[in-house]
Amino acid sequence: SALHFVRWGWGAWVFGAAGALVALGLWDVFFGFEENRCRMSYMFEDPEYQKIKLPKKLSRRFPAYELYLYGEGSYARRNKKLQLAGVPVLFLPGNAGSYKQVRSLGSVALRKAEDIDFKYHFNFFSVNFNEELVALYGGSLRSQTRFVHECIKVILRLYKGQDFAPRSVAIVGHSMGGLVARALLTLDHFEPELLNLLITQAAPHAAPVVPLDRYLTDFYVAVNSHWARRGRDVQNLTALSVAGGFRDYQVRSGLTFLPTSARHGGALSVVSSAVPRTWASTDHLSIVWCKQLILATVRAFFDLVDADTRQITADPRKRLSVLNHHFVRHPAKPFQDEPDVVAELPGACARPGGRPAPRGESDEKYFLFPLAGHRGSSSHVYCQNSLLVRVGLRSLLRLRAGELGSGEAEEATEARGGEAARPRRRFLFQFTVDCEFFREDQRTSQLPVTHLFSLGRRLSRPARRAPSRALAASQRGALRGNSVSALIPERRPNIYRLHIPWSHEDSLTLSKAPSSTDLSAKLHVARPENGSGPAVLEMYTSADCRYRVTIKTSFPQVLGQVIRFHGESLPAYIIASILLGYGGQLSSLLSTGRCGHLGAALQRTARPYKVEPVVHGLNFLLGFGWFREAWEATLLPEPDVIPASAGGLRVPLVSPVLFLFGTALAYWGHALGAASLRLLASARPALPGAVTRVSFRWSARPRGPGPAGAACGVLVLVPVGWTACGAVALVLAGLLYALRVSGEAAGLVREATENGGSGPEPPAEAEAEDSLRMHVTALHFLAWIVLLSAPSLIYWFRNLRYSIQLDPDPCKPLALILVPTVGILMNSSAASVRSSKFLKMAARVPPVLSVATVAFGAAHLYRVPYLASVPLVLHALCSVV
């Protein structure tokens with residue numbers, strides 16, 4: 001109620017403000033991105049998925065997995081007998097992904113093959129992983145990897161005896177499918193020659209998005225360490241990783257960058273917003289059907305085919321060159337093995353000393369220009385000097401075949417979902433190029449960047465005129481630049497390009513003049529300490545345009561970056577705050593004999609200076625060799641570093657900010673849980689009698705471990721956790737505990753109603769109130785443990801038809817510990833805990849566990865439930881002894 005809110009003091013207002021900041025950061029993560037610029041890719045005919053018959057032994061080993069061949073229309077009918085003669089490509093879906101997501105790639109590639117009379121064509125296969133949640137439960141990742149290995153063997157056997165039979169399979173992996181493809185090289189009997197091309201879409205290569213079990217983190221360590229140590233195995237592999245950008249809030253783009261090493265130079269990582277002719281951010285699912293990106297991928301596939309072998313070229317340098325052509329530079333013309341011939345513009349376009357030519361003095365010249373597939377009177381091209389030139393086509397002089405060089409006209413046919421190439425002809429156009437060239441110092445302006453604590457201060461340059469100017473600025477956090485070109489009307493659009501020198505994550509923005517354009521200069525990968533120059537804002541404007549550049553720090557976008565980079569660590573900080581509050585409750589019970597609300601205890605005890613100095617001091621001492629040797633002798637893991645050194649965003653005081661956010665979420669989570677419990681208690685009279693008889697009324701006097709009901713519940717749930725799934729046992733134990741506590745809450749509500757709230761609180765009622773507060777805190781612990789264990793429960797439930805037992809089960813040891821503990825806690829009371837000789841020890845342990853949770857669980861969340869279960873075990877011990 002409002003009275004309780006005021007009574008709890010200033011902490012409620014602080015935690016309310018912190019909760020509002022969390023909501024503001026989440027809003028920027030989920031809704032602060034640009035609009036969806038991707039065009040949908042449509043199928044020309046009904047897609048068909050032909051199931052490939054696998055050997056019986058393989059089907060028995062992997063009963064939940066299947067292999068399919070994609071096809072449409074007559075192409076699908078021709079392949080019914082599986083007499084294939086194309087280039088095999090295997091699509092691997094990701095977390096909860098479907099094998100049908102291959103249809104966009106397969107359909108567009110089929111249309112492209114039809115346009116060239118099937119001179120080259122691709123056979124797209126797809127694996128059905130039963131839509132497993134492998135991003136949250138890593139126990140099946142190794143099984144998926146082994147099945148993919150067997151599928152590659154099956155696919156290659158389909159081409160046996162055919163002309164131009166392939167010796168390798170190209171793989172396209174979406175999300176976790178890309179990691180599974182990389183894990184093939186870690187198998188003992190996998191031959192690296194079977195995989196020479198890998199394209200991943202929004203695949204988290206660097207680290208798991210949410211490390212909820214140790215099987216997932218161990219899998220990542222094995223894959224990334226193998227790529228770092230066994231460089232010889234990946235020398236023949238060309239890998240491309242495409243990230244979705246800021247629209248993909250499930251996998252941030254910084255995690256998709258492939259690990260690089262001196263031994264492996266065939267890796268390329270880009271963001272979809274930087275891919276030429278795509279220039280659009282994609283969400284986690286649209287990256288598999290975004291037409292612009294699918295067209296770029298299919299074009300690259302066809303350019304990768306060797307004319308002699310009719311398979312993917314065996315030359316790693318050519319493969320990397322093709323991928324660079326289509327995904328990095330793309331000079332608006334087809335790929336060529338020979339290097340480009342650079343021609344300088346003659347005449348009055350360039351004057352000595354870098355002075356621009358007067359308007360009207362540019363000569364009209366003949367240029368051969370490859371059209372990029374767009375009709376109209378104007379187009380934009382990139383010149384060799386990276387200056388964007390506007391080319392206006394004036395008139396078509398003549399059409400001559402076989403004269404004066406060649407160009408290629410391409411036009412995408414929207415209705416067919418592919419590219420219908422016209423017969424190649426040679427066009428000659430007359431057009432005018434208006435150019436203005438300046439020296440580097442004339443067209444570059446340096447502006448410092450406002451920092452996080454600039455309090456809305458802006459840095460700007462006065463309005464000035466320049467046809468092409470670049471703004472260079474060092475980057476800190478999330479920035480926002482305002483480009484204003486509103487003084488002189490101009491029909492042609494202005495182009496703003498945010499260039500990041502140390503990674504392929506550029507973004508391109510078009511703006512009409514006069515207008516005011518907001519550019520968000522947020523990074524996907526932090527600038528390396530020994531990295532390139534600063535971020536550069538390149539502005540391509542018309543010659544008569546005047547503009548003003550303003551730079552300011554956007555606080556909501558900074559919060560969004562903190563949540564985006566470190567949001568997965570919030571559960572660890574929430575549990576750490578609850579541990580401090582629970583320790584305060586036990587200390588209050590020890591000193592005053594009363595147990596206060598968890599919310600009030602959080603206001604008194606949840607302080608960052610109780611945790612942060614210890615964690616940072618430990619990391620500092622680990623820098624000394626003697627301390628590290630002593631630490632390794634204890635067999636304890638290394639502490640987690642926030643922010644992470646690899647790709648983490650370096651925001652000042654990020655760990656205290658996360659601690660404040662975690663405390664706020666713990667505070668309001670407890671308030672919501674207590675309100676829900678009281679609501680359940682009020683609704684208990686309407687529940688069936690069989691449900692209400694499950695819980696028993698607590699006594700104000702100390703009692704033993706509990707009645708036979710709790711013991712029977714423990715006897716039933718322990719075998720369930722051992723033979724089926726540990727998370728199931730935890731969920732059922734938590735539900736029984738919640739019903740038990742709601743019975744106590746219903747009794748207190750009834751007694752308060754009968755007393756009318758007048759006079760001092762009776763001792764029996766006060767004792768019951770203290771017991772209820774302690775059990776609400778224990779339920780809060782148990783709720784977070786169940787939440788962090790939920791992925792294995794969902795995985796077990798979806799695969800129940802194949803096996804009743806989850807193997808491996810990350811929650812089995814935890815269930816064997818917590819289920820008997822919950823059985824004891826159900827029937828404990830504040831009096832039994834107060835009289836225990838272990839109470840003093842139990843009150844001192846939670847602050848130590850709070851430090852351990854932040855130190856060892858911020859980047860390894862699967863450790864947090866075990867640390868949170870320790871105070872519950874001590875609580876049960878205090879109620880017995």
Side-chain angles (χ1 to χ4, degrees), residues 34 37 245 271 273-274 276 279-281 329 332 349-350 354-357 359 378-392 433-450 458-475 478-523 532-554 557:
E34 62 183 15
R37 300 179 184 174
V271 181
S273 59
W279 293 314
S281 177
R329 59 187 187 92
C349 275
R355 291 173 293 148
R359 296 184 61 84
S378 64
S379 179
H380 296 87
V381 295
Y382 278 102
C383 290
Q384 294 295 331
N385 58 358
S386 298
L387 177 66
L388 196 64
V389 180
R390 292 182 175 86
V391 181
V433 180
D434 295 328
C435 308
E436 290 185 275
F437 292 96
F438 288 81
R439 293 193 304 269
E440 183 71 18
D441 57 343
Q442 290 179 325
R443 61 186 180 92
T444 303
S445 178
Q446 297 282 343
L447 275 181
V449 175
T450 55
R458 304 184 180 189
L459 296 175
S460 62
R461 286 281 189 257
R464 59 174 60 184
R465 174 184 175 276
S468 179
R469 186 174 294 273
L471 171 67
S474 60
Q475 199 280 340
L479 312 179
R480 188 177 184 182
N482 296 334
S483 174
V484 183
S485 57
L487 302 182
I488 298 179
E490 175 64 35
R491 295 181 181 178
R492 296 173 180 174
N494 297 324
I495 301 177
Y496 309 114
R497 178 192 178 203
L498 181 63
H499 174 59
I500 310 300
W502 56 86
S503 64
H504 300 297
E505 54 178 284
D506 297 359
S507 60
L508 205 67
T509 304
L510 298 179
S511 175
K512 294 183 179 180
S515 66
S516 176
T517 304
D518 294 338
L519 305 177
S520 297
K522 297 183 293 187
L523 293 181
S532 309
V536 179
L537 174 62
E538 299 175 351
M539 302 169 56
Y540 301 101
T541 63
S542 58
D544 53 357
C545 176
R546 299 185 66 188
Y547 67 93
R548 180 184 295 108
V549 175
T550 301
I551 294 182
K552 65 179 181 180
T553 299
S554 175
Q557 295 189 33

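FYI, side chains are in, hydrogens and waters are out, and symmetry mates aren't considered; it's all heavy atoms of this structure.
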How would you list, by chain and number, every residue that makes a side chain to side chain donor-acceptor pair (under 3.5 Å) with His499, sequence neighbours excluded?
-> Asp506
If you measure from OG1 on Thr509 to CZ on Arg497, what distance do you get to the nearest 0.5 Å?
-> 12.0 Å
Heavy atoms only: give me the nearest Ser511-Thr517 pair and the separation to one decimal.
-> OG-OG1, 2.6 Å
Are side-chain heavy atoms of Leu498 and Leu519 found at a separation under 4.5 Å?
-> no
All heavy atoms of Ala535 vs all of Pro501, minimum pair found to be CA-CD, 4.2 Å
Under a 4.5 Å cut-off applied to non-hydrogen side-chain atoms, are Leu523 and Glu505 in contact?
-> yes
Considering residues at least two apart in sequence or located in another chain, which fulfil the side chain to side chain donor-acceptor pair (under 3.5 Å) criterion with Ser273?
-> none
